[in-house]
Amino acid sequence: MSVANHHLTSSTPLSSSSSSFFSHSKLISSRAQIVAVKVKNGGVCKCVATSPAEQIAHTTKVSRNPNMGKLQAGYLFPEVARRRAAHLAKYPDAKVISLGIGDTTEPIPEIISSAMAKRAHGLSTLEGYSGYGAEQGLGIEDGDIFVSDGAKCDIARLQMLFGSDVTMAVQDPSYPAYVDSSVIMGQTGLYEKDSEKFGKIEYMKCMPENGFFPDLSAVGKTDIIFFCSPNNPTGASATREQLTKLVQFAKDNGSIIIYDSAYAMYISDDSPRSIYEIPGAKEVAIETASFSKYAGFTGVRLGWTVVPKELLYSDGFPVAKDFNRIVSTCFNGASNISQAGGLACLSPEGLEAMKQVIGFYKENTNIIVETFKSLGFKVYGGSNAPYVWVHFPGRSSWDVFSEILEKTHVVTTPGSGFGPGGEGFVRVSAFGHRENVLEACRRFKELYK
Ligand SMILES: Cc1ncc(COP(=O)(O)O)c(C=O)c1O
């Protein structure tokens, strides 16, 4: 089966509302070859390959967005998931452990889920019912904060805000959504095979040699600078001094920083948890974050983006006013149920519960760090982030990913998927049940002893 011909369908139990989806998937299966593999939560994931002859029965007259054609291979995490599914098809009895995609595994604390349940039940009463909310969110009055359905969705909306004519810089390696959304918007040139970079993007190399902070004197001027701290995938967090330099750099160049603090609550030392701890940052920075990795909200979906009123375009127009327009046009507000969960997260008990969840993942991180260190690997990250960045000098990341998967049945993420600067590294996520993390580490020890 070729990758391009796959449709992924799920046959986990379907509600009556999904009956049209169900009949559609039956339709596909009547003329297609299906490989079924077990996936997390007991469902079955089917890779369906349609035969090439059947695919061109009809084409529309709509041409493909050429920017979509520039993207490479597919978004990293679906590609990792595809390889995991193929591995399961090859070894149906293997106990595959996923320390790859970075999805949370521990249950949402009761104090938070019960607030959402109460809100959900309230929706069935006349008094408790509400429909569309304010785009900026419920219960939060500060006009600088836009409540959303998550940081990734806001990254896409921010790209739409700035349009296709801006130039952008990104840490290399970095969370793939920045580069891919930039490509889709048409901000970039083509993918250059030799350098493994897209034209017109400024890649800011973040390596052990520079303490994972770019040499700003070698970075060209761009309109937008994406910066993530603590960083996914390297796990590095920028210091106050480094962020002060970054803010000054943006000011000197007239750039806007989009600061992604999705992992800020994992910081254990005195690294800033927000770019706004740096004086002057409000004039040059937007910040986005979410409850995804703090309270297990990867499925619930709740985040926020701060666009300070001090942040102005070259003509003096406030960026926040345009972002408000984008959000009002492309989004109808975060679910009122998840917002009830968000308010519970911010209560004293909710904050304590989130700290415990984070503490649990940080213990996992320590176990992974110690394992790789004991095997003689150079290991980075881990102390301020739920990611461990393991160096395999001179080796291809995808080869190491495949070696680990083939020999230990553990899914990791190849560093090169985060940009050319990630080549030779593998990211190991600390999101996992304790017994799975311990078992994965036992298998790593067996493989690399
Ligand atoms: C750096 C970074 N930013 C944003 C996100 C997206 O998070 P959300 O679930 O809030 O969309 C992730 C998720 O893995 C991430 O690693």
Side-chain angles (χ1 to χ4, degrees), residues 75-81 98-106 108 137 145-159 168 170-182 204 206 212 224-238 257-267 271 273-275 285-306 327 330-331 334-335 338-339 341-342 345 354 357-358 361 365 381-382 384-389 411-413 415 417-419 421-422 427-432:
Y75 189 72
L76 172 64
F77 298 115
E79 178 60 18
V80 169
S98 183
L99 302 180
I101 285 172
D103 195 1
T104 44
T105 55
E106 300 312 295
I108 294 173
I145 301 173
F146 294 81
V147 175
S148 76
D149 51 349
K152 192 188 214 177
C153 319
D154 273 343
I155 288 162
R157 286 188 281 259
L158 287 166
Q159 292 282 25
M168 71 98 117
V170 71
Q171 288 153 296
D172 179 23
S174 67
Y175 179 55
Y178 315 136
V179 167
D180 283 6
S181 58
S182 181
M204 307 186 291
C206 295
F212 296 102
I224 307 296
I225 303 168
F226 276 95
F227 200 92
C228 176
S229 178
N231 185 268
N232 175 11
T234 66
S237 59
I257 300 166
I258 299 178
Y259 191 78
D260 185 337
S261 60
Y263 300 96
M265 273 186 84
Y266 285 79
I267 294 176
S271 304
R273 276 132 176 94
S274 162
I275 190 74
I286 290 170
E287 181 165 318
T288 188
S290 78
F291 288 114
S292 285
K293 308 299 166 89
Y294 304 163
F297 271 32
T298 47
V300 171
R301 311 302 305 149
L302 192 68
W304 60 93
T305 287
V306 182
V327 166
C330 309
F331 184 49
S335 143
S338 59
Q339 292 196 50
C345 286
M354 285 195 294
V357 173
I358 290 165
Y361 290 131
T365 315
N384 286 337
Y387 298 121
V388 182
W389 191 233
V411 181
T412 56
T413 310
F418 299 94
R427 189 195 77 173
V428 184
S429 154
F431 294 119

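As the structure lists them, so they are numbered: ligands from 1, and atoms in each ligand from 1. Computed from a prediction, not measured in an experiment: that's the story for all the values here.
Contact atoms of ligand 1 toward Arg301: 8 (P), 9 (O), 11 (O) (distance under 4.0 Å to a heavy atom of the residue). For ligand 1, the atoms sitting less than 4.0 Å from at least one non-hydrogen atom of Ser290 are 8 (P), 10 (O), numbered in the order shown with element in parentheses. Ligand-side atoms of ligand 1 in range of Gly150: 10 (O), 11 (O), range being under 4.0 angstrom from any heavy atom. Close approach of ligand 1 to Lys152 (heavy-atom distance below 4.0 Å) involves ligand atoms 6 (C), 8 (P), 11 (O). Interface of Asn232 with ligand 1, defined as ligand atoms under 4.0 Å from a residue heavy atom, comprises 1 (C), 15 (C), 16 (O).
The residue among Phe77, Tyr175, Phe291 with a heavy atom at the shortest distance from atom 6 (C) of ligand 1 is Tyr175.
A cation-pi geometry, defined here as NZ or CZ lying under 6.0 Å from the six-membered ring centre and within 45° of its normal, does not hold between Arg427 and Phe418.
Note that the OG1 atom of Thr104 and the OH atom of Tyr361 stand 5.0 Å from one another [nearest 0.5 Å]. Ile286 contributes atom CD1, which lies 11.5 Å from atom CD1 of Ile155 (distance to the nearest 0.5 angstrom). To the nearest 0.5 Å, atom CG of residue Asp260 and atom OG of residue Ser229 are 9.5 Å apart. Atom CD1 of Ile258 is separated from atom CE of Met168 by 8.0 Å, given to the nearest 0.5 angstrom.
Considering only heavy atoms from C-beta on, Phe212 comes within 4.5 Å of Trp389 through its side chain. Looking at Ile224 and Gln159, their side chains never come closer than 4.5 Å, going by heavy atoms from C-beta outward.
Taking distance alone, with nitrogen or oxygen atoms compared against 3.5 Å, Tyr387 stays at or beyond that limit from ligand 1. The shortest N or O to N or O distance between Ala151 and ligand 1 is below 3.5 Å.
For Tyr294, the ring-ring contact (aromatic ring centres under 6.0 Å, His included) criterion is met by no residue, not counting sequence neighbours.
Residue-level proximity to ligand 1 for Cys228 is carried by the side chain, the only part with a heavy atom below 4.0 angstrom. Residue contacts with ligand 1, taken as heavy atom pairs separated by less than 4.0 Å, involve Tyr263 solely via side-chain atoms from C-beta onward.
For atom 13 (C) of ligand 1, the nearest non-hydrogen atom of the protein is Lys293 NZ, 3.3 Å. Given atom 3 (N) of ligand 1, the protein heavy atom at minimum distance is Asp260 OD2, 2.6 Å. What sits closest to atom 9 (O) of ligand 1 on the protein, heavy atoms only, is Ser292 OG, 2.6 Å.
Of the possible polar contacts, none joining the Lys293 side chain to the Ala385 backbone as a donor-acceptor pair under 3.5 Å is found.
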